[in-house]
**Q** 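One structure, as structure tokens, below. Some questions next.
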Amino acid sequence: MYGIIATWRMALEGISEAADMLKKSADAGDSIETAIRAVEDFEFYKSVGYGGLPNEEMEVELDAAFMDGDTLDVGCVGAIKDFANPVSIARMLSKEPVNNFLVGAGAEKYAHRHGFERKNMLTERAKTHYHNRVKETTENTELKPYSGHDTVGMVCLDDKGHMTAATSTSGLFMKHAGRVGDSPVSGSGFYVDSEVGGASATGLGEDVMKGCVSYEIIRLMKEGKTPQEACDIAVNTFDKELKKRRGKAGDMSLIAMNNKGEWGVTTNIEGFSFAVATENEEPTVYLVK
Ligand code: GLY
């Protein structure tokens with residue numbers, strides 16, 4: 001069995017490419033990287049890669065991660081500027097013996113040394129969004145995740161049972177310089193173990209990180225829960241917990257797949273979309289109401 005599941009409609013083209021590869025017995029690492037790169041490269045997605053919206057200093061800072069579910073290798077970049085495909089840098093970092101999570105200038109030096117493509121990631125369209133937002137912003141403007149799209153997070157299973165997870169995001173629009181969200185943080189934005197399954201998150205990183213929600217889903221699947229049961233328990237329990245202790249919970253949407261290709265999704269928002277393809281299911285977009 002093979003399969004791939006991803007947050008948001010914007011992942012459809014990427015997971016379709018990956019599904020074609022998986023059908024021909026490609027590896028889960030290559031397939032997920034291809035799928036995430038497709039989202040990073042598409043300039044009209046405002047929350048990932050090229051065309052991603054900038055921070056408050058009008059700089060596009062990107063976070064990404066890659067995890068191998070066989071070896072549990074993890075590679076991550078945070079607040080990296082001017083590189084086209086952060087997920088590929090994260091994947092290379094996952095193979096290093098140490099120094100697996102690099103941020104800012106350190107991540108850029110590593111990427112440059114290893115020949116990754118430099119690119120000005122700030123598009124004219126993103127600049128226009130920035131200038132419009134500056135005009136609208138007041139002292140009390142709250143930073144919120146995007147509506148209808150945000151981090152792209154994926155879990156992939158190949159026909160040899162190898163699983164991977166990966167994420168990529170430009171994070172919150174107008175975030176402070178140097179702010180890093182949940183997406184490159186293992187256990188929060190993503191987690192995968194080929195002996196069990198994987199999960200990935202989109203939403204308000206600051207809240208997702210309070211609950212290590214992706215890892216919690218893997219833990220529940222390990223106890224025997226289906227991906228859907230695990231997502232429901234992890235997300236709904238944590239959403240309630242945040243509301244009890246803090247009076248509110250930020251946006252949180254989780255996707256999961258186990259090592260049999262069964263999948264599940266839970267969200268605490270209206271209008272969360274996700275995309276999935278398996279050996280038995282053509283690439284399909286679902287909208288959670
Ligand atoms: N979930 C993306 C972020 O908070 O940066």
Side-chain angles (χ1 to χ4, degrees), residues 5-11 36 39-40 45-57 59-67 74 76-81 86-87 90 101-104 107 121 126 129-130 133 141-155 165-191 198-217 231 234-235 238-239 242 246 248-256 265-269 271-274 288:
I5 185 165
T7 55
W8 304 113
R9 150 69 189 87
M10 65 184 169
I36 296 260
V39 186
E40 289 178 336
Y45 297 141
K46 296 190 298 242
S47 51
V48 178
Y50 188 56
L53 296 184
N55 65 16
E56 64 185 0
E57 296 174 10
E59 290 184 319
V60 181
E61 289 190 333
L62 303 167
D63 302 336
F66 177 93
M67 182 164 185
V74 177
C76 319
V77 289
I80 188 170
K81 286 188 281 208
V87 73
F101 192 160
L102 297 180
V103 301
M121 301 298 273
H129 280 285
Y130 176 85
R133 178 62 77 88
T141 305
E142 198 187 338
L143 294 192
K144 287 198 182 124
Y146 302 81
S147 140
H149 57 106
D150 181 65
T151 301
V152 65
M154 301 190 186
V155 177
T167 60
S168 188
T169 187
S170 51
L172 291 178
F173 180 28
M174 291 302 207
K175 64 191 177 182
H176 284 337
R179 179 265 186 192
V180 174
D182 61 308
S183 305
V185 178
S186 167
S188 290
F190 66 93
Y191 199 82
S200 185
T202 176
L204 183 66
E206 282 72 4
D207 275 2
V208 176
M209 284 192 278
K210 293 180 177 88
C212 302
V213 190
S214 290
Y215 184 77
E216 178 64 1
I217 290 172
C231 286
V235 175
F238 192 57
D239 179 70
L242 284 174
R246 307 171 59 83
K248 61 179 182 174
D251 292 5
M252 213 166 12
S253 306
L254 273 289
I255 51 146
V265 174
T266 304
T267 180
N268 67 355
I269 61 165
F272 172 58
S273 63
F274 64 98
V288 186

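Positions are given from 1 along the sequence. A quick note: this is a predicted structure, and the numbers were derived from the prediction, not measured. Counting starts at 1 for both ligands and their atoms, in listed order.
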**Q** Is the side chain of Ser214 donor-acceptor paired with the backbone N or O of Ser188 at a distance under 3.5 Å, no angle test?
**A** yes

**Q** At under 4.0 Å between heavy atoms, which part of Arg179 makes contact with ligand 1: side chain, backbone, both or neither?
**A** side chain

**Q** State whether the shortest distance between N or O atoms of Thr151 and N or O atoms of ligand 1 falls below 3.5 angstrom.
**A** yes

**Q** How long is the straight-line distance from CD1 of Ile36 back to OG of Ser168, given to the nearest 0.5 Å?
**A** 6.5 Å

**Q** So, regarding Gly205 and ligand 1 (criterion: nitrogen or oxygen to nitrogen or oxygen, under 3.5 Å), is there a contact or not?
**A** yes

**Q** Which ligand 1 atoms are under 4.0 Å away from a heavy-atom of Ser183?
**A** 1 (N), 2 (C)

**Q** Please determine if Gly203 has a nitrogen or oxygen closer than 3.5 Å to a nitrogen or oxygen of ligand 1.
**A** yes

**Q** Residue-level breakdown please: for Asp150 versus ligand 1, do any non-hydrogen atoms fall below 4.0 Å on the side chain, on the backbone, on both, or on neither?
**A** side chain

**Q** Is the closest side-chain donor-acceptor distance between Asp150 and Thr202 under 3.5 Å?
**A** yes

**Q** Atom OG of Ser253 and atom CD1 of Ile269: how far apart are they, to the nearest 0.5 Å?
**A** 4.0 Å

**Q** Among the heavy atoms of Lys175, does any lie under 4.0 Å from an atom of ligand 1?
**A** no

**Q** Could you say whether the N/O atoms of Glu206 and ligand 1 ever approach to under 3.5 Å?
**A** no

**Q** Can you measure from CZ (Phe101) to OG (Ser186) and round to the nearest 0.5 angstrom?
**A** 9.5 Å

**Q** With heavy atoms of Gly181 as the reference, note each atom of ligand 1 found under 4.0 Å away.
**A** 5 (O)

**Q** After noting the C-alpha distance and the side-chain angles of Arg179 and Glu206, does the key distance pass the salt bridge (charged side-chain N to carboxylate O under 4.0 Å, His left out) rule?
**A** CA-CA 10 Å; Arg179 179 265 186 192; Glu206 282 72 4; 2.6 Å; yes

**Q** Please check if any side-chain donor atom of Ser183 sits under 3.5 Å from a side-chain acceptor atom of Thr167, or the reverse.
**A** no

**Q** At less than 4.0 angstrom from any non-hydrogen atom of Gly171, what atoms of ligand 1 do you find?
**A** 5 (O)

